[in-house]
Amino acid sequence: MLLSRFAGCRKAAHELAARSARPGWTLQRLPWAEGPAAFSTLSISNLPKNVLECKYAVRGAVVAKAEDLERRLKKKLPREDGQPMQFDKVVPCNIGNPQAVGAEPLLFHRQVLACLVEPSLLQRPGLFPEDVRERAAYYLEHIRDGKLGAYSESKGHAVFREKVADFLTARDGMDTSIEDIHLTDGASVSAKLIMQMLVRGPQDGVLLPIPQYPLYSATMSLLGGQAIGYFLNEEGGWSIEAAELERSISEARASGISPRAIVVINPGNPTGQVLSKEAMQVVLSFAERERLALVADEVYQDNIYTDDKKWLSFRNLAKETGHTCEVFSLHSISKGYFGECGLRGGLVHTYNVDPEVQAEMNKLLSVNLCSNTLGQAMMADSVTPPPEGGPSREAYDKDRKEKLASLKRRAVLVTKRLNEIDGIECQPIEGAMYAFPKVTIKGYVMKKAISLATPADAVYCMEMVDRTGVVTVPGSGFGQRPGHFHFRTTILPDEEELEKVLDRIRDFHGQHAEGWFT
């Protein structure tokens, strides 16, 4: 009976598809269909315009090419053109993903997480240090239902928000309420949440730095809002200039756009700069005068490599200077010296934000019930070192110090080596995890780009991965001044591997103008 009913339904579907399709439907043969074409509601021709216009260069065509090259290497196959591979591994320098290129997680936090996932481990004396067992037991006692596998409050478990509040209070020298903290699946979700609160329709816009992390432009595309670019001053070390902010907002308003907020990424992604206190004051004054909310992307706050600038949170400075504009501050476990990208832990802290607006934020979070509780736990624990004098603290401090010292050496190395290449110019890497060098592209690669009507740095990065196995991201994916070309690379491979990566980039750039012909 069941089979006959299925056959009848399938026959009816085929007959329906054979007749005139409704507007918005397309007819196509599906893999399971027999006879006439079955109908499909979705096709590339009728997807929402906002979806089609959404772009995220960090995992774009260059990464797809890299994945194909990795498959070929594993199967010992030649390149697509039949030529042998000129490298033995693909190095992913396209994304800030430390553990993918060899970084190890901090042991203390992982041990705490292990006990939270499997509480019976707490009953095995000697398995973990006492400070690990005490931390995990405290969390389990205070989380709702005492089980990490249960839903939390939409903002995140109160005990985890309390730990974050303690961190923010110590960092900024001011009291922090847990009601101003929202734990999310990485800082990306926090950024999207804020944009949802800001964009009411196509007339609304948000000022974004150019270059910018493409999460922001992609989110604006999905929401149907307007991305209002303001250029960073590359020659000034990717600084923010008051005159450029004024130009950007004036042109936006003249075209009928209603600016609602400004995004600042500090330390910079993809640019690697650390903002001076003076530049931050310019931004706060501008935001207050123009009645803009400030979105402070501060996920790289632990990645500071310059001795000439001290990193400062926008919340801290707003309090010091008496600015009253709304400040949304983002943080994450994916960066810093943690590198726990896959656990997806992040947060947004709100300052000077109307409690009724926060209630609406919480409502949006509640649609997904809560963020993953493993990420919540790691977010709280990553900003809470082992207790002073405890059995884990000495090793923890040593590991943390070594990780940050190595990152600083790599930042100096990458800046130096890139600037030694004729035709490449790189601003000092003061923070974050990236270099964003300007590159002169000519000859073969430029001609190919013109013939394909494709940005020259997109072709440059595609050729680079094909010839060297080094995965980078074209500057056009982040935005840049017309006529300028860049690429973003991380500084994350270990120091020995990084030297080899820089050798490959040097050799590739020296060959790109003449091309590769056999």
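Position 1 is the first residue of the sequence, and the numbers go up from there.
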Worked check of side-chain contact (heavy atoms from CB on, under 4.5 Å) between T490 and I95: CA-CA 7 Å; T490 71; I95 192 168; 5.6 Å; no
Nearest heavy atoms of Q376 and C370, plus distance in Å: NE2-CB, 4.4 Å
Distance from T271 atom OG1 to E430 atom CD, nearest 0.5 Å? 9.5 Å
With sequence neighbours left out, write down each residue that passes ring-ring contact (aromatic ring centres under 6.0 Å, His included) with H157, or none if nothing qualifies. F160
E179 and K155 ion-paired at < 4.0 Å: yes
Output, in order, the C-alpha distance, side-chain angles, deciding distance and verdict of side-chain contact (heavy atoms from CB on, under 4.5 Å) for L232 and I210. CA-CA 6 Å; L232 302 178; I210 302 298; over 6 Å; no
Derivation and outcome, side-chain contact (heavy atoms from CB on, under 4.5 Å), residues Q99 and C341: CA-CA 8 Å; Q99 294 184 33; C341 305; over 6 Å; no
Looking at every heavy atom in both M361 and V348, which two are closest together, and how far apart are they? CE-CG1, 4.2 Å
Gap between atom NZ of K65 and atom CD of E463 - 0.5 Å precision: 9.0 Å
Under a 3.5 Å threshold, yes or no: a donor from one side chain and an acceptor from the other, between N362 and E153? no
Are T324 and N352 close enough that a side-chain donor and a side-chain acceptor fall under 3.5 Å? no
For T373 and S152, test the side chains for any donor-to-acceptor distance below 3.5 angstrom and give the result as yes or no. no
Taking it one step at a time, do T472 and N94 satisfy side chain to side chain donor-acceptor pair (under 3.5 Å)? CA-CA 4 Å; T472 58; N94 60 300; over 6 Å; no
All ring-ring contact (aromatic ring centres under 6.0 Å, His included) counterparts of Y151, not counting sequence neighbours: none
Check the side chains of S371 and T184 for a donor-acceptor pair under 3.5 angstrom, ignoring hydrogens and angles. no
So, using side chain to side chain contact (heavy atoms under 4.5 Å, CB included) as the criterion, who are the partners of A293 when residues are at least two apart? L198, A261, E326, F328
Contact list for residues 104-126, test ring pair (Phe, Tyr, Trp, His ring centres under 6.0 Å), sequence neighbours left out: H109-Y396
Is R506 salt-bridged to D503, going by a charged N under 4.0 Å from an acidic O? yes
Between Q273 and S239, do the side chains contain an N or O donor and an N or O acceptor separated by less than 3.5 Å? no
Judged by modelled atom types alone, do N303 and Y337 share a side-chain donor-acceptor pair under 3.5 Å? no
Sequence neighbours excluded, which residues qualify as side chain to side chain contact (heavy atoms under 4.5 Å, CB included) partners of D494? E496, E497
Within the distance-only criterion (no hydrogens, no angle test), does the side chain of Y305 pair as donor or acceptor with the backbone N or O of A432 below 3.5 angstrom? yes
Please identify each residue that fulfils side chain to side chain contact (heavy atoms under 4.5 Å, CB included) with L312, with sequence neighbours left out. K277, M280, N316, L317
Under a 3.5 Å threshold, yes or no: a donor from one side chain and an acceptor from the other, between Q86 and T468? no
Before accepting this row, confirm whether a basic side-chain N of the pair E402/K398 lies closer than 4.0 Å to the acidic partner's carboxylate O. yes
Applying side chain to side chain contact (heavy atoms under 4.5 Å, CB included), can you list everything that pairs with P129, at least two apart in sequence or on another chain? Q111, D131, V132, P391, S392
Could you check V264 against I240 for side-chain contact (heavy atoms from CB on, under 4.5 Å), going step by step and ending with a plain yes or no? CA-CA 9 Å; V264 178; I240 296 177; 4.1 Å; yes
Would you call K401-D397 a salt bridge at under 4.0 Å N-O? no
With sequence neighbours left out, which residue pairs that include part of residues 371-390 fulfil the salt bridge (charged side-chain N to carboxylate O under 4.0 Å, His left out) condition? R135-D381, E388-R393
Residue set satisfying ring-ring contact (aromatic ring centres under 6.0 Å, His included) with Y434, at least two apart, ordered chain then number -> Y300
Output field: ring centroids Y460/F508 closer than 6.0 Å: yes
For E298 and N266, does a side-chain donor sit closer than 3.5 Å to a side-chain acceptor? no
Can you pull out every salt bridge (charged side-chain N to carboxylate O under 4.0 Å, His left out) where at least one residue sits in residues 101-123? Sequence neighbours excluded, please. R110-E340
According to salt bridge (charged side-chain N to carboxylate O under 4.0 Å, His left out), does anything in residues 181-193 pair up with another residue at least two apart or in another chain? List the pairs. none
Return the set of residues passing ring-ring contact (aromatic ring centres under 6.0 Å, His included) with F167 (not counting sequence neighbours), or none when no residue passes. H331
Got a salt bridge between D307 and K408, using NZ or NE/NH1/NH2 to carboxylate O under 4.0 Å? yes
Examine the side chains of R315 and Y351 and answer whether a donor and an acceptor come within less than 3.5 Å of each other. no
